[in-house]
Amino acid sequence: MAERFALWHAPADEEAPFAAAEATAGLFASARLSEQRAPDHVPSGETLRALFAELRAAGGA
């Protein structure tokens, strides 16, 4: 069984092209790529809240 994993990336991130994140996610059947609306390379507060919500849901909490 493959582990699920999520990737977040900002299309406006100037440090790494969004296409690279899409290509990386495409290498794994269980990957999901979400767009971070904030243009920064550093995770936004919104992205972190989504991450922690997913972790809580996965843990059954």
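Residue numbers start at 1 and run along the sequence shown.
Separation of atoms OG1 (Thr47) and CD (Glu35) is listed at 10.5 Å; rounding is to 0.5 Å. Rounding to the nearest 0.5 Å gives a distance of 12.0 Å between CD of Glu14 and NE2 of His41.
Closest non-hydrogen pair, Ala10 versus Asp40, comes out as CB-O, 3.7 Å. Closest approach of Asp13 and Glu15 over heavy atoms only: OD1-N, 2.7 Å.
There is no path of hydrophobic side-chain contacts, each under 4.5 Å, that joins Leu55 to Phe5. Linking ILVMFWY side-chain heavy atoms closer than 4.5 Å, directly or via other members, places Val42 and Leu48 in two distinct hydrophobic clusters.
For Gln36 (side chain) and Ser44 (main-chain N/O), a donor-acceptor pair under 3.5 Å exists by modelled atom type.
Between Arg32 and Glu54, at least one side-chain N (NZ, or NE/NH1/NH2) sits under 4.0 Å from a carboxylate O, which counts as a salt bridge.
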Side chain to side chain contact (heavy atoms under 4.5 Å, CB included) between Leu33 and Phe18: does it pass, once the steps are laid out? CA-CA 10 Å; Leu33 175 61; Phe18 195 77; 3.6 Å; yes
